[in-house]
Amino acid sequence: MKVFRMKVIVLGSGVVGLTSAWYLAQAGHQVTVVDRQAQSAEETSFANAGQISYGYSSPWAAPGVPLKAMKWLTQKHSPLIIKPGTSPELYLWTMALLKNCSEKNYQVNKSRMLRVSNYSRQCLLDLRKNHDIIYEGRQQGTLQVFRKQSQVEAVEKDMQLLSASDTRFKLLNVEECVEKEPGLALVKKKIVAGLHLPDDETGDCYQFCQQLTDLAKKAGVEFKFNVQVNALLTEHEKITAVDSSIGTLTADAYVVALGCYSAQLLKTVGVSLPVYPVKGYSLTLPMENAQYSPVSTVMDETYKVALTRFDDRIRVAGTAELAGFNLDLSEKRKATIAMVVQDLFPQAGDISKAEFWTGLRPMTPDGTPIIGKTNITNLYTNTGHGTLGWTMACGSGKLLADVVSGRETDIDASGLDSFRYLYQI
């Protein structure tokens, strides 16, 4: 099918904006990326967990979560924090999330997420096969470790959905967990089982973004950094230009991939999306003892903290803090993720040399990203990936490029665009 060559502006150069630009260029379009930062991946993509967790793609909104959340809020090392003085936007978003906690909605949402994630896996494999892109990547899976038998019982429904989506997995006993992650041998009494997802990967998302930026430039993509987007200009129900700090920028089509900041911009042109900033934290520490360190990614189900191995560093990331656009670094949150790495891999690295970071994840109440068309004919979105932007980036970018190009998509795109939301926020 012949694709009409268009001028496309992509707003945002995080991992999702970059993959959108890359696949649009591969489809034959003239692409310009606009970002307020000095280079790609300076915000949410900068120091994320390092997981490419296809099999771990699950919505927060799940049966039993409301009760769990109430218990979490009373814990010292809680995976969830809600700051006082919450906004109306958070209230509406939370209500929408609670509505999605039914078994029926959970299955629909998780199936959608797995659809995008598994597609993204193939897209990343193809990208690596065809291009020399290096980002300290490993292809050795994720081990989700359980400290309680109740967690093992709860994961059984997830395993049914994994089977239905052809996602490989295996439930492991303690000794099998240690075989996959020998560093756990020192603390094996603290775990009761684990779920291994062999097709999951790891890698430094920031390095990936710098490499993909270079590839995109060679493919003809133009980058405009240090540019503030002020507004989208409209006429006759179409976007006519982007009003920016360097003047008006025009194109045939416009893609909003601004992560948490997407909803604010889109609302000004009548597109209301329930994307809320969920704050997460990470520590990056130098690895001192490889034999006592993670081999790949270990996900502590109790504290919702991921521990990921890079070449000579360990990335520890977690916590969900609902505090609007606040980017303050909390020492209490640092203490939680530091506790987990010291608890599971006490001899792995030097915590005193760890670098502390925080970022905002763009989360939808149903967990599924918002990819594709809007009610404005030449305006598209690729946002709302939550904690799975790195996981879903390549598949989301390829899917978005096909939608913009008017091509038949490789996967079923139903339920993934903005039209699934019937309420305004």
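All values below were derived from every heavy atom in this structure, side-chain atoms included, with hydrogens, water molecules and symmetry-related copies excluded. If you're wondering where the values come from, they're calculated on a predicted model, not measured in any experiment.
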Sequence neighbours left out, cut at 3.5 Å: what donor-acceptor pairs do the side chains of residues 222-234 make with other protein atoms?
unit_1: E222; atom_1: OE2; unit_2: K224; atom_2: NZ; d: 3.0

Flag the pair K304 and D300 as a salt bridge only when some basic side-chain nitrogen lies within less than 4.0 angstrom of an acidic carboxylate oxygen.
no
In short, S293 meets R309 closest at the heavy-atom pair CB-NH1, 4.3 Å
Measuring centre to centre across the rings, with the benzene-like ring taken for any Trp, is Y380 within less than 6.0 Å of Y254?
no
Pick one: which of S262, S20, S396 meets side chain to side chain donor-acceptor pair (under 3.5 Å) with T383?
S262
Strictly distance-based, threshold 3.5 Å: is any side-chain N or O of S120 a donor or acceptor partner for the main-chain N or O of G395?
yes
K110 side-chain N/O to S57 backbone N/O, donor-acceptor pair under 3.5 Å
yes
Roughly how far, to the nearest 0.5 Å, is CG of L18 from OG of S45?
7.5 Å
Would you check, one step at a time, whether the test side-chain contact (heavy atoms from CB on, under 4.5 Å) holds for D252 with V8?
CA-CA 6 Å; D252 301 304; V8 184; over 6 Å; no
CG on L90 to CG on L322, rounded to 0.5 Å
5.5 Å
Looking only at atom types and distance, does a side-chain atom of S296 sit under 3.5 Å from a main-chain N or O of G141, one as donor and one as acceptor?
yes
Is the closest side-chain heavy-atom distance between M6 and V404 below 4.5 Å?
yes
Please tell me if the side chains of V242 and V34 come closer than 4.5 Å, counting only heavy atoms from C-beta onward.
no
Under a plain distance cut-off of 3.5 Å, with no hydrogens placed, do Q107 and E103 share a side-chain donor-acceptor pair?
yes
Measure from the side-chain N and O atoms of S102 to the backbone N and O of N105, and report whether any donor-acceptor pair falls under 3.5 Å.
yes
For K148, does the NZ atom sit with more than 12 other heavy atoms under 6.0 Å from it, leaving out its own atoms?
no
Could you check whether any side-chain N or O of N109 sits under 3.5 Å from a backbone N or O of P59, counting only pairs where one atom can act as donor and the other as acceptor?
no
For a side-chain contact (heavy atoms from CB on, under 4.5 Å) check, start with the C-alpha distance between N382 and V256, then their side-chain angles and the critical distance, and finish with the verdict.
CA-CA 6 Å; N382 201 354; V256 176; over 6 Å; no
Please report the shortest heavy-atom distance between I9 and A251, naming the atom on each side.
CG1-CB, 3.6 Å
Check whether any side-chain heavy atom of T142 sits under 4.5 Å from a side-chain heavy atom of H196, and report yes or no.
no
Which distance, rounded to the nearest 0.5 Å, do you find between the CG of L162 and the OH of Y56?
11.5 Å
Looking only at heavy atoms, what is the nearest atom pair of L172 and C177, with distance?
CB-SG, 4.0 Å
Shortest non-hydrogen pair, C209 vs A41, comes out as CB-CB, 3.5 Å
Say you draw a straight line from CD of E43 to SG of C260; how long is it, rounded to the nearest 0.5 Å?
9.0 Å
Give a yes or no on this: more than 12 heavy atoms of other residues, nucleotides or ligands lie within 6.0 Å of atom CD of E288.
yes
Do the side-chain N and O atoms of Q210 and Y135 include a donor-acceptor pair separated by under 3.5 angstrom?
no
All heavy atoms of V221 vs all of A21, minimum pair found to be CG2-O, 4.0 Å
Could you tell me whether a side-chain N or O of E176 sits under 3.5 Å from a main-chain N or O of N173, the two making a donor and an acceptor?
yes
Please list every donor-acceptor pair under 3.5 Å in which a side-chain atom of residues 367-376 meets a protein atom from a residue at least two apart or in another chain.
unit_1: T374; atom_1: OG1; unit_2: I376; atom_2: N; d: 3.1
unit_1: T374; atom_1: OG1; unit_2: I376; atom_2: O; d: 3.2
unit_1: T374; atom_1: OG1; unit_2: L379; atom_2: O; d: 2.9

If you round to the nearest 0.5 Å, how far is CD1 of I134 from CD of Q211?
6.0 Å
Contact check, side chains of T284 and W357, non-hydrogen atoms, under 4.5 Å
no
Would you call R147 and D343 a salt bridge, taking side-chain N to carboxylate O under 4.0 Å as the test?
yes
Pair K188, E175 - check salt bridge (charged side-chain N to carboxylate O under 4.0 Å, His left out), show working.
CA-CA 8 Å; K188 63 181 183 179; E175 293 303 324; 3.1 Å; yes
Would you say D417 and T381 are linked by a side-chain donor-acceptor pair, where the criterion is simply a distance under 3.5 Å?
no
Going by distance alone, is a donor N or O of one side chain under 3.5 Å from an acceptor N or O of the other, for Q39 and Y206?
yes
Heavy-atom closest pair (T308 atom, T297 atom, distance to 0.1 Å) is OG1-OG1, 2.8 Å
Using a 4.5 Å cut-off on heavy atoms from C-beta on, say whether the side chain of D366 contacts that of R420.
yes
Would you check if F208 and V15 make a side-chain contact, meaning some heavy-atom pair closer than 4.5 Å?
yes
Measure from the side-chain N and O atoms of T44 to the backbone N and O of L360, and report whether any donor-acceptor pair falls under 3.5 Å.
yes
Please verify the inter-ring angle class for W60 with W93; under 30° counts as parallel, over 60° as perpendicular, anything in between as tilted.
perpendicular
Pair D126-Q122, side-chain donor/acceptor within less than 3.5 Å
yes
Just wondering, do P274 and L92 contact through their side chains at under 4.5 Å, heavy atoms?
no
Indicate yes or no for a side-chain donor-acceptor contact from S163 to the backbone of M159 under 3.5 Å, with no hydrogens or angles considered.
yes
Fit a plane to each ring of F356 and Y281, take the angle between them on a 0 to 90° scale, and name the class: parallel (under 30°), tilted (30 to 60°) or perpendicular (over 60°).
parallel
When you measure from the side chain of T250 to the backbone of A241, do you find a donor-acceptor pair of N or O atoms at a distance under 3.5 Å?
no
For the pair V316 and S282, evaluate side-chain contact (heavy atoms from CB on, under 4.5 Å) and give the outcome as yes or no after the intermediate values.
CA-CA 5 Å; V316 190; S282 75; over 6 Å; no
Testing the 3.5 Å rule here: is there a donor-acceptor pair between the side chains of Y119 and D412?
no
Quick one: does Q144's side chain have a donor or acceptor within less than 3.5 Å of a partner on L195's backbone?
no
Derivation of the side-chain contact (heavy atoms from CB on, under 4.5 Å) call for T167 and Y54:
CA-CA 8 Å; T167 303; Y54 311 113; 5.7 Å; no
Between Q151 and T302, is there a side-chain donor-acceptor contact under 3.5 Å, judged purely by atom types and distance?
yes
Atom CG of L388 and atom OG of S53: how far apart are they, to the nearest 0.5 Å?
7.0 Å
Does a sphere of radius 6.0 Å around CD in Q347 hold more than 12 heavy atoms from other residues, nucleotides or ligands, not counting ones at 6.0 Å or beyond?
yes
Salt bridge (charged side-chain N to carboxylate O under 4.0 Å, His left out) contacts in which one or both residues fall within residues 192-216, not counting sequence neighbours:
R121-D199, R128-E201, R168-D199, D204-R313
Residue pair Y23 / L400, side-chain heavy-atom distance below 4.5 Å
no
